[in-house]
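Notes to accompany the following structure.
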Amino acid sequence: MTLEEIAAAKAAATAEISAAKTPAEVENARIKYVGRNGLLPAMMKGLRDVAPADKPAFGQALNALRTAVEAALEERKAATAGGTGPCEAFDFSMPGNWRGTGSIHPVSEVIEETTRIFAQLGFTVEDGPDIETEFNNFDALNTAKHHPSRDERDTFWLGPELLLRTQTSPVQIRAMLARKPPVRIINPGRCYRRDTTDATHAANFHQIEGLYVDVKPVSLADLKSTLSHFARKMMGDSVNVRFRPHFFPFTEPSVEVDFSCHVCKGKGCAVCKQSGWIEVMGAGIVDTRVFEKVGYDPECFGYAFGMGVERIAMIKHGVTDLRLLYANDLRYLREFL
Ligand code: DAH
């Protein structure tokens with residue numbers, strides 16, 4: 001090693017470092033010159049072999065080399081980093097990463113739309129817990145002690161008098177226990193039944209409950225006109241609505257409500273099982289025995305209804321298998337974007 005070699009190394013190193021254009025190039029130069037196996041440590045080791053009389057001059061030259069290299073590295077590091085220096089660190093013309101746009105799940109969409117339609121009619125949203133008492137879910141709804149729906153094969157029991165609600169109807173009871181009439185509420189929520197999952201059944205599904213109670217007369221005609229209005233807002237003006245006599249323990253008279261099939265417009269198709277109609281909800285005039293259970297005057301008037309959210313989502317979108325709504329398959333859910 002000679003003093004000339006050290007001077008040449010200094011010139012070469014500072015020139016190379018000054019030419020570095022990106023942080024990666026600066027880092028490569030740093031490794032090459034001052035890294036553990038770089039040129040400078042190697043030259044420092046060479047100092048051992050220099051004659052003692054020449055050591056001070058060589059030491060000085062090597063120190064000057066180190067200072068020059070480090071200063072050049074610092075300068076280039078600052079210059080190539082993003083922000084203050086030239087913009088090599090960022091290439092603004094590069095396409096960005098597409099992160100995807102979210103969309104509203106069909107079930108949430110039906111809940112939001114239904115809530116909006118009934119809010120315009122003066123209904124407020126009521127909430128209730130998924131874990132219910134036997135009283136709210138069955139007894140207060142006038143369900144017989146030995147009604148099959150109470151069976152362990154149908155209901156998820158959590159304790160002697162505690163269960164996962166099988167319907168949103170217990171929220172009617174909660175609302176009436178909490179307030180005096182008039183009560184005009186809607187309640188969307190999860191329900192649970194020991195159903196084997198298939199194209200139209202799930203152990204966990206959603207319902208939207210509605211209840212209107214007043215001290216002045218409320219009739220089946222009011223119920224029919226309200227639900228027909230809802231049907232048209234939800235499915236479009238061309239929908240037909242059919243009310244069939246039925247039985248529910250908590251309403252008398254009771255009806256089941258069908259919408260004309262949205263997919264075939266009532267002609268008959270796979271979605272409506274060729275009937276042209278799809279059952280969407282149960283409804284009726286609140287039974288006086290329910291009023292008695294919540295301490296209301298049995299002379300009150302009221303109607304109630306409970307609809308299947310997945311049902312409506314399926315007919316709105318022509319979905320034939322309910323499981324598709326919950327498979328979390330993005331390829332499928334993207335179709336609702
Ligand atoms: N809870 C009933 C069910 O799950 C649906 C229902 C029927 C709700 C009639 C009501 C009603 O409020 O009045 O099948």
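When a ligand or atom number is given, it counts from 1 through the structure's own listing order. We use all heavy atoms of the structure for the numbers below, so side chains are in, but hydrogens, waters and symmetry mates are not.
If you number the atoms of ligand 1 from 1 as listed, the ones under 4.0 Å from a heavy atom of Gly284 come out as 13 (O). Atom numbering of ligand 1 starts at 1 in the shown order; those under 4.0 Å from a heavy atom of Gln207 are 3 (C), 4 (O). Contact atoms of ligand 1 toward Thr251: 13 (O) (distance under 4.0 Å to a heavy atom of the residue). Ligand-side atoms of ligand 1 in range of Ser169: 1 (N), 8 (C), range being under 4.0 angstrom from any heavy atom.
Looking only at distances, no side-chain donor or acceptor of Asn137 sits under 3.5 Å from a matching main-chain atom of Glu132. No side-chain donor-acceptor contact under 3.5 Å links Thr251 to the backbone of Ser254.
Nearest to atom 11 (C) of ligand 1 by heavy-atom distance, out of Phe250, Tyr303, Phe248, is Phe250.
Checking only distances, Gln172 does come within under 3.5 Å of ligand 1, N or O to N or O.
With a heavy-atom cut-off of 4.0 Å, Ala283 touches ligand 1 through its backbone alone. At a heavy-atom distance under 4.0 Å, only side-chain atoms of Arg193, from C-beta outward, approach ligand 1.
Of the protein's non-hydrogen atoms, Gly282 C, 3.4 Å is the one closest to atom 7 (C) of ligand 1. Closest to atom 5 (C) of ligand 1, if we only count protein heavy atoms, is Gly306 O, 4.0 Å. For atom 12 (O) of ligand 1, the closest non-hydrogen atom on the protein side is Glu209 OE2, 2.6 Å. Of all protein heavy atoms, the one closest to atom 2 (C) of ligand 1 is Gln167 OE1, 3.7 Å.
Asp258 and Trp277 make their closest contact through CB-CE3, 3.8 Å (heavy atoms, listed as atom of the first residue, atom of the second, distance).
Looking at Ser169 and Glu209, their side chains do bring a donor and an acceptor atom within 3.5 Å of each other. Using modelled atom types, one finds no donor on one side chain facing an acceptor on the other under 3.5 Å when comparing Thr166 with Asp154. There is a side-chain donor-acceptor pair under 3.5 Å between Asp214 and Tyr212. Side chains of Tyr303 and Thr226: a donor on one and an acceptor on the other come within 3.5 Å.
Under a 4.0 Å heavy-atom criterion, Met281 is not in contact with ligand 1.
Counting only heavy atoms from C-beta outward, the side chains of Leu163 and Phe138 approach each other to under 4.5 Å.
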One pair to check against salt bridge (Lys or Arg N to Asp or Glu O under 4.0 Å): Glu279 and Arg242. What are the steps and the verdict?
CA-CA 9 Å; Glu279 180 208 319; Arg242 179 169 85 168; over 6 Å; no

